[in-house]
Amino acid sequence: MKVSLFATCLVDMFQSDVGKATVELLERLGCEIDFPESQVCCGQPAYNSGYVKESKEAMKKMIDAFASAEYVVSPSGSCAYMFHEYPHIFKGDPVWETKAKRLAEKTYELTQFIVEVLKVEDVGARFEGRATYHTSCHMTRLLGVNKAPMTLLSNVKGLEFTQLPGKEQCCGFGGTFSVKMAQISEQMVDEKVQHVEETQADYLIGADAGCLMNIGGRIDRKGKPIRVLHIAEVLNSR
Amino acid sequence: MAMKIGVEEFKERVGKGINDSFMRGAVAGAQDSMGTRRLSAAEELGNWEDWRSHGEEIRKHVLENLDYYLEQLSDNVAKRGGHVFFASTAEEANDYIRGVVASKNAKKVVKAKSMVTEEIHLNSCLELAGCEVIETDLGEYILQIDDHDPPSHIVVPALHKNKEQIRDVFTDKLGYQKTSKPEELAGHARETLRQDFLTADIGITGCNFAVAETGSFSLVTNEGNADLVTSLPKTQITVMGMERLVPTFEEMEVLVSLLTRSAVGQKLTSYITVLTGPREELDVDGPEEFHLVIVDNGRSKILGTEFQSVLQCIRCAACINVCPVYRHVGGHSYGSIYSGPIGAVLSPLLGGYEDYKELPYASTLCGACTEVCPVKIPLHELLHKHRQEIVEKEGKAPISEKLAMKAFGLGAASPALYKIGSKLAPAAMNPFTNGDKISNGPGPLKAWTEIREFPAPNKERFRDWFNNREKGGNQS
Ligand code: SF4
């Protein structure tokens with residue numbers, strides 16, 4: 001199966017390990033990966049801040065970049081969701097609405113793609129350790145992907161899983177919210193870190209680059225002995 | 001603009017909220033318990049999503065036919081001998097009510113809980129006119145005797161106070177000498193209030209839903225105080241937001257079910273009072289005179305705009321009870337009597353961006369509010385619409401942000417620029433980089449790194465790794 005990877009700008013620039021793990025994992029599951037070179041950012045930071053006009057230019061570039069893709073897969077729930085928002089954003093646009101629809105229809109978040117399209121529930125991973133999982137808001141509420149990551153994690157050998165208290169609560173990232181409303185964001189991420197600590201997990205796993213950068217950055221600053229991992233890295237371990 | 005509370009700037013208010021550990025404990029505890037109760041009350045119905053859709057449909061239908069139903073309601077109230085007044089502004093509403101008070105030569109007014117009267121600041125207006133106003137909802141009563149502390153939640157107005165703080169207020173203001181047990185506190189309030197009910201000249205209520213077909217009003221309470229407010233005084237005034245109505249009792253039943261379950265996780269509240277006009281010949285109680293004040297105060301301006309759906313709101317506060325921002329900053333931080341997600345959407349619409357321009361940004365757009373709203377208001381989308389409005393129409397965004405976003409538009413939209421920028425990033429960030437992280441970032445990163453580490457850009461971007469690999473380079 002041919003998969004075009006929508007790596008996201010965060011992964012491209014800051015978390016290349018996540019990108020690598022995603023490629024290796026999908027290849028192992030029999031996919032052929034391509035990385036459309038002209039991909040940029042999905043436009044979410046500007047869009048969510050209210051700069052709709054500015055962000056549409058980036059969106060059009062993304063629509064073109066993935067025009068010939070069969071499947072588009074992203075290791076970030078929030079960014080995959082953004083592609084699903086495109087038809088809504090270009091509503092009424094004679095040229096771009098249809099194109100945006102086509103893109104949304106073939107776009108999947110990584111775990112969703114593995115479970116729903118590849119129909120694989122056990123990727124044959126082995127990962128030793130006690131871990132908990134952060135359910136990202138955009139991925140669960142807006143993209144509607146709840147079960148796939150849980151299904152895949154439950155089949156990872158050696159993984160001792162523990163539920164995160166208050167898991168439905170936002171971690172306080174929210175893109176530009178994290179700097180614009182830093183005061184409030186700090187309180188939110190602190191409560192999240194406290195909940196992670198309560199689980200006594202060694203690892204915090206997530207499927208969204210933004211949330212992980214936020215929670216991970218705070219864990220790091222506080223010097224807590226918890227490692228933050230993207231779910232692709234866990235599923236790619238053996 | 002009347003719903004404004006306090007004069008402090010947003011940042012100051014938020015700072016105060018964050019540092020108020022009593023309030024935060026109370027809010028977090030209440031959110032957790034109300035959240036669980038709401039969920040089980042919703043699950044118990046079995047087909048909650050169908051109920052929500054039905055609720056949404058009813059509210060949409062009413063808004064689309066608002067003039068028809070308002071006229072029907074007014075006619076039916078008038079037919080039963082009630083007086084109807086349509087107030088375009090808060091001032092008009094207050095003037096009318098003051099007029100009724102004066103014509104009755106009333107010295108004492110008892111009130112049931114009503115957000116719209118908070119919105120128009122009715123109490124202070126009547127007090128200025130020399131009339132004593134007594135809130136009879138326990139929460140509102142506590143706030144009133146505590147020097148008019150404003151409500152911090154639309155359903156549980158004194159949520160920011162714990163029982164010890166309430167006891168202290170009672171001790172200070174009422175000479176109360178018992179413990180902080182809720183029963184004893186409530187008992188004391190009940191005794192004091194009973195006298196007021198018996199001696200009041202006028203009763204004032206809000207309205208949960210008005211029924212257009214019959215000219216009736218429903219009041220949903222847990223204390224039964226609304227029953228006394230509407231049965232003892234000779235004159236009753238009901239104040240309602242112009243959108244708070246339903247066609248018939250059938251729709252009212254659906255919305256009351258959604259309301260009580262969403263608000264407090266109850267199948268029904270202890271009292272659901274329905275009143276229709278003044279006392280009739282064979283009635284044993286009820287007011288002799290009835291006035292209905294329908295308040296616009298900025299609502300009709302919202303009709304027909306992209307924000308119309310906010311008028312579907314039934315003021316259940318479910319969105320507030322799940323909001324992670326409200327959880328940490330509390331209601332007073334919003335600077336409006338409408339707090340939480342509904343407040344962040346509604347306050348700028350009713351009160352203007354000047355006072356409330358920060359509120360739409362006080363959200364991560366996590367969507368928790370939208371997920372629980374029983375009438376399916378897309379709250380997080382409306383918050384986003386506000387942002388767009390502020391940036392594009394109001395031009396109120398900071399210049400530095402505008403420039404950054406322009407640069408974003410250029411950079412992110414141009415694959416060539418993006419590639420160069422991301423390639424140069426490690427070198428540009430080098431002076432700030434410490435190993436694999438940035439602890440003290442420049443510009444917009446500063447606010448981030450004051451709280452968290454920021455990852456240093458990868459020396460080899462993911463795309464470089466991928467391309468090398470394709471070319472048969474490093475196979476990792
Ligand atoms: S917006 Fe929805 S959830 Fe919030 S108070 Fe109104 S009806 Fe309730």
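Values in this document were obtained by computation on a predicted structure and should not be read as measured data. So you know, we letter chains A, B, ... as the sequences are listed, proteins then strands, and number each from 1.
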(message) Closer than 3.5 angstrom, by distance alone: can the side chain of B:His384 be matched with the main-chain N or O of A:Tyr47 as a donor-acceptor pair?
(response) yes

(request) Name the option with the most non-hydrogen atom pairs under 4.5 Å to chain B; the candidates are A:Val189, A:Val11, A:Ile33. (result) A:Ile33

(request) Please answer whether the main-chain N or O of A:Gln39 pairs with a side-chain N or O of B:Arg463 as donor and acceptor at a distance below 3.5 Å. (result) yes

(request) Would you check if A:Arg221 and B:Ile451 make a side-chain contact, meaning some heavy-atom pair closer than 4.5 Å? (result) no

(request) Working to the nearest 0.5 Å, report the span between CZ of B:Arg24 and CD of A:Glu191. (result) 8.0 Å

(message) Could you check whether any side-chain heavy atom of A:Phe177 comes within less than 4.5 Å of a side-chain heavy atom of B:Ser363, counting everything from C-beta outward?
(response) no

(request) Find out whether A:Asp220 and B:Lys437 are in side-chain contact, i.e. whether some heavy atom of one side chain is under 4.5 Å from a heavy atom of the other. (result) yes

(message) Do A:Thr176 and B:Tyr361 have side chains that approach each other closer than 4.5 Å (heavy atoms only, starting at C-beta)?
(response) no

(request) Please state whether the side chain, the backbone, both or neither of A:Glu186 comes within less than 4.5 Å of a heavy atom of chain B. (result) both

(request) Return the option, out of A:Ile215, A:Asp190, A:Ile184, A:Ile219, with the maximum number of heavy-atom pairs under 4.5 Å with chain B. (result) A:Ile184

(message) How long is the straight-line distance from SG of B:Cys366 back to CE of A:Met188, given to the nearest 0.5 Å?
(response) 6.5 Å

(message) I want to check something: taking the side chain as every heavy atom from C-beta on, are A:Arg141 and B:Thr370 in contact at a cut-off of under 4.5 Å?
(response) no

(request) Dump the intermediate steps for salt bridge (charged side-chain N to carboxylate O under 4.0 Å, His left out) on B:Glu450 and A:Arg218, then the final yes or no. (result) CA-CA 10 Å; B:Glu450 268 166 10; A:Arg218 185 63 177 164; over 6 Å; no

(message) Could you tell me if A:Glu37 and B:Asn467 have a donor-acceptor pair between their side chains, going purely by distance under 3.5 Å?
(response) yes

(message) Please classify the contact of B:Glu381 with chain A as side chain, backbone, both or neither, using a heavy-atom distance under 4.5 Å.
(response) side chain

(request) Under the side chain to side chain contact (heavy atoms under 4.5 Å, CB included) rule, what do A:Val52 and B:Glu392 come out as? Steps first, then yes or no, please. (result) CA-CA 9 Å; A:Val52 175; B:Glu392 291 179 357; 3.7 Å; yes

(request) Look at A:Asp12 together with B:Arg461 and state whether they make a salt bridge at an N to O cut-off of under 4.0 Å. (result) no

(message) Please report the interatomic distance OG(A:Ser49) to CG(B:Leu365), rounded to the nearest 0.5 Å.
(response) 9.0 Å

(request) Select, from B:Cys323, B:Gly15, B:Ser439, B:Pro455, the one with the greatest count of heavy-atom pairs under 4.5 Å involving chain A. (result) B:Pro455

(request) I would like to know whether B:Val14 and A:Met181 meet side chain to side chain contact (heavy atoms under 4.5 Å, CB included); could you show each step before the answer? (result) CA-CA 10 Å; B:Val14 168; A:Met181 296 276 160; over 6 Å; no

(request) Under 4.5 Å, heavy atom to heavy atom: which of residues 1-9 of chain A reach chain B? Give them by number, or say none. (result) A:Leu5, A:Ala7, A:Cys9

(message) Surrounding NZ of A:Lys53 (heavy atoms of other residues, nucleotides or ligands, distance under 6.0 Å), is the total greater than 12?
(response) no

(request) Let me know if B:Ile18 has heavy atoms under 4.5 Å from chain A in its side chain, its backbone, both or neither. (result) side chain

(request) In sequence, state the C-alpha distance, the side-chain angles, and the governing distance for B:Arg327 and A:Gln187, and then conclude on side chain to side chain contact (heavy atoms under 4.5 Å, CB included). (result) CA-CA 10 Å; B:Arg327 183 180 184 85; A:Gln187 304 302 318; over 6 Å; no

(message) Can you tell me which portion of B:Glu389 sits under 4.5 Å from chain A's heavy atoms? Options are side chain, backbone, both or neither.
(response) neither

(message) Under 4.5 Å from any heavy atom of chain B, what part of A:Asp64 do you find: side chain, backbone, both or neither?
(response) neither

(request) Against chain A, label B:Thr449 side chain, backbone, both or neither, depending on which of its atoms sit under 4.5 Å from a heavy atom there. (result) both

(request) Measure the spacing between OG1 of B:Thr364 and NZ of A:Lys180 and express it to the nearest 0.5 Å. (result) 14.5 Å

(request) Go through the atoms of B:Lys11 and report whether side chain, backbone, both or neither lie under 4.5 Å from a heavy atom of chain A. (result) both

(request) Please look at B:Val329 and chain A and tell me whether the side chain, the backbone, both or neither of the residue comes under 4.5 angstrom of a heavy atom of that chain. (result) side chain

(message) Distance check, rounded to the nearest 0.5 Å: A:Glu168 atom CD versus B:Leu39 atom CG?
(response) 8.5 Å

(request) Using non-hydrogen atoms and a 4.5 Å limit, figure out which bit of A:Asp17 sits close to chain B: side chain, backbone, both or neither. (result) neither

(request) Determine whether more than 12 heavy atoms belonging to other residues, nucleotides or ligands lie under 6.0 Å from atom NZ of B:Lys385. (result) yes

(request) Examine distances only and state if a side-chain atom of B:His328 and a backbone atom of A:Gln183 form a donor-acceptor pair shorter than 3.5 Å. (result) no

(request) For residues B:Arg452 and A:Ser185, determine if any side-chain heavy atom of one lies less than 4.5 Å from a side-chain heavy atom of the other. (result) yes

(request) With a 4.5 angstrom heavy-atom cut-off, could you sort out which part of B:Ser333 is near chain A: side chain, backbone, both or neither? (result) neither

(request) Flag yes if more than 12 heavy atoms outside B:Glu8 fall under 6.0 Å of its CD atom; otherwise flag no. (result) yes

(request) Hey, could you give me each pair passing ring-ring contact (aromatic ring centres under 6.0 Å, His included) that has a residue in residues 7-38 of chain A? Not counting sequence neighbours. (result) A:Phe14-B:Phe454, A:Phe35-B:Phe462, A:Phe35-B:Phe466

(message) Are the side chains of B:His380 and A:Leu142 in contact, using a 4.5 Å heavy-atom criterion?
(response) yes

(request) Would you mind listing every side-chain hydrogen bond (donor to acceptor under 3.5 Å, both in side chains) that reaches into residues 223-235 of chain A, with sequence neighbours excluded? (result) A:Glu197-A:Lys224

(message) Report, in residue-number order, which members of residues 69-91 of chain A are under 4.5 Å from chain B by heavy-atom distance.
(response) A:His88

(request) Using non-hydrogen atoms and a 4.5 Å limit, figure out which bit of B:Ala28 sits close to chain A: side chain, backbone, both or neither. (result) neither

